[in-house]
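A short worksheet on the structure shown next.
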2 protein chains.
Amino acid sequence: MESNDNFLENCLFFNTNALSRYLLKLAEKEFKHLKISPAHASLLLLVFDMPGISPKNLGLNLHLTPSTITRFIDSLEKRKLVKRRTKGKSALISATQKGLELKSPIAIAYKKLYMKYTKILGTKTANQLSFDILKASKELTNYNDNNE
Amino acid sequence: MESNDNFLENCLFFNTNALSRYLLKLAEKEFKHLKISPAHASLLLLVFDMPGISPKNLGLNLHLTPSTITRFIDSLEKRKLVKRRTKGKSALISATQKGLELKSPIAIAYKKLYMKYTKILGTKTANQLSFDILKASKELTNYNDNNE
DNA sequence: ATTATATACTTGCATATGCAATTATTATGT
DNA sequence: ACATAATAATTGCATATGCAAGTATATAAT
């Protein structure tokens with residue numbers, strides 16, 4: 001039974017949310033064998049790229065709040081995948097040896113995730129959509145930063 | 001400090017997630033004065049539209065799992081906004097009088113939310129993006145239904 | 001009619017994430 | 001130099017949501 005309700009289907013918020021949850025499930029499957037969540041994996045990617053990066057900076061890149069970042073790091077540190085050094089009020093995060101071993105598997109998992117949805121949506125469509133969403137996201141964020 | 005990491009920024013999953021969280025916050029602000037979350041509000045909209053709708057059907061429309069729907073209804077029922085009737089193994093959900101009083105305020109809040117992001121993104125862009133996201137979401141979901 | 005299977009809903013538990021308050025450190029104004 | 005303000009990280013608490021297992025009812029197969 002289909003609803004005749006096209007109100008929700010016109011809502012960017014609603015549609016984005018639904019897509020986001022779908023892709024999350026897809027991503028979780030792809031990362032499951034690494035025993036790591038996609039979100040933690042993305043933090044690790046940044047740490048690989050920029051050893052010594054601060055939690056604040058991680059949050060900015062991942063669009064996550066400081067408290068969430070703290071917990072991500074707690075969790076990854078407990079699993080000996082990253083380590084903290086404190087320098088004054090800041091912290092410096094870098095990967096451990098064990099963490100570094102995940103570098104390539106994570107890249108592969110992301111690639112496979114990419115393949116999965118591009119196979120369904122088509123490469124061009126998927127790339128365009130990703131780009132458009134990024135653009136919107138940036139515009140909204142910038143507007144916010146400048147107006148409140 | 002900007003990261004030179006364009007890997008994440010190319011990831012549809014990552015970008016969608018970020019946009020989704022941004023819009024969620026925006027939506028929460030718009031619904032806060034009604035003391036209701038955007039997700040609960042969307043369930044109510046469906047119930048207004050289709051009194052007696054089943055939880056299963058609500059889940060299909062909202063792209064949420066049965067357990068989540070159960071809890072939404074629990075919560076709204078506790079606040080006397082909806083009521084359950086059970087008929088065999090099914091449940092029939094409808095709005096109470098008190099719930100119906102929210103019909104118009106919720107519609108207004110959605111409208112204001114729409115205005116907020118269209119003001120930033122432009123009406124045309126926002127509508128197009130919403131449409132594209134819905135389309136992708138449907139394609140992915142359909143593919144899933146047919147292939148596993 | 002009885003058993004087996006499928007369906008609808010619910011519940012227990014786990015994870016993700018944010019906000020507001022707190023703590024620790026650094027920067028600024030006088 | 002000291003008090004005040006700003007910044008970075010953390011912690012307590014709350015909400016959202018899913019998965020897997022459980023319960024109740026309906027349907028199908030013998």
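Every chain is numbered from 1 and lettered A, B, ... according to where its sequence line falls, protein lines coming before strand lines. Just so it is clear, the structure is predicted and the values come from calculations on it, not from any experiment.
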Next on the checklist: Both A:Thr65 and B:Thr86 contact DNA chain C. Taking the nearest nucleotide for each, which residue is further toward the 5' end?
Outcome noted: B:Thr86
Item to check | Out of D:dA16, C:dG18, C:dT10, whichever nucleotide has its closest atom nearest the side chain of B:Pro66 | outcome: C:dT10
Checklist entry - How many Å lie between CZ on A:Phe14 and C1' on D:dA16, as a whole number? => result 15 Å
Next on the checklist: I want to know whether A:Tyr110 and A:Phe31 have ring centres closer than 6.0 Å.
Outcome noted: yes
Checklist entry - Rounding to a whole Å, what distance do you find between A:His63:NE2 and C:dA16:P? => result 19 Å
Checklist entry - Given atom CZ of A:Phe72 and atom P of C:dA16, what is their separation to the nearest angstrom? => result 7 Å
Item to check | Rounded interatomic separation in angstrom, taking CG from B:Leu76 and P from C:dT10 | outcome: 13 Å
Next on the checklist: Tell me whether A:Lys111 is salt-bridged to A:Glu30, with the criterion being a basic N under 4.0 Å from an acidic carboxylate O.
Outcome noted: no
Item to check | Residue B:Arg71, side-chain atoms from C-beta onward, closest of C:dC9, D:dG18, D:dT11 | outcome: D:dG18
Next on the checklist: Side chain of B:Lys89 only, heavy atoms from C-beta on: which candidate in D:dT17, D:dG12, D:dA26 is closest?
Outcome noted: D:dA26
Checklist outcome for this item: Nearest-nucleotide check on DNA chain D, A:Ser54 vs B:Gly88; residue mapping nearer the 5' end is A:Ser54
Next on the checklist: Side chain of B:Asn17, heavy atoms from C-beta onward: which of D:dA26, C:dT17, D:dC19 has the nearest atom to it?
Outcome noted: C:dT17
Next on the checklist: What I want to find out is whether A:Arg84 reaches A:Glu77 closely enough, with some N-O distance under 4.0 Å, to be called a salt bridge.
Outcome noted: yes
Checklist outcome for this item: When rounded to whole Å, the CG to C1' distance for the pair B:Leu60 and C:dA8 reads 12 Å
Checklist outcome for this item: With the side chain defined as heavy atoms from C-beta on, B:Thr68 is closest, among C:dG18, D:dT17, C:dA8, to D:dT17
Checklist entry - Angle class for the A:Phe14/B:His63 ring planes (parallel below 30°, perpendicular above 60°, tilted otherwise)? => result tilted
Item to check | Nearest-Å distance for atom pair CZ/P, residues A:Arg21 and D:dA16 | outcome: 12 Å
Checklist entry - Is the shortest side-chain N/O distance from B:Ser90 to OP1 or OP2 of D:dT25 below 4.0 Å? => result no
Checklist outcome for this item: From the candidates D:dT10, C:dG18, C:dC9, the one with an atom nearest any side-chain atom of A:Arg84 is D:dT10
Next on the checklist: Tell me the interatomic distance from A:Lys56, atom NZ, to D:dT7, atom P, rounded to whole angstroms.
Outcome noted: 8 Å
Checklist outcome for this item: Closest to the side chain of B:Ser67, out of D:dC19, D:dT17, C:dC9, is D:dC19
Checklist entry - In whole angstroms, how far is the P atom of C:dT15 from the CG atom of A:Leu64? => result 18 Å
Checklist entry - Does B:Lys32 pair with B:Glu28 as a salt bridge, N-O distance under 4.0 Å? => result no
Next on the checklist: Can you identify which nucleotide, out of C:dT11, C:dT17, D:dA9, has its nearest atom closest to the B:Asp74 side chain?
Outcome noted: C:dT11
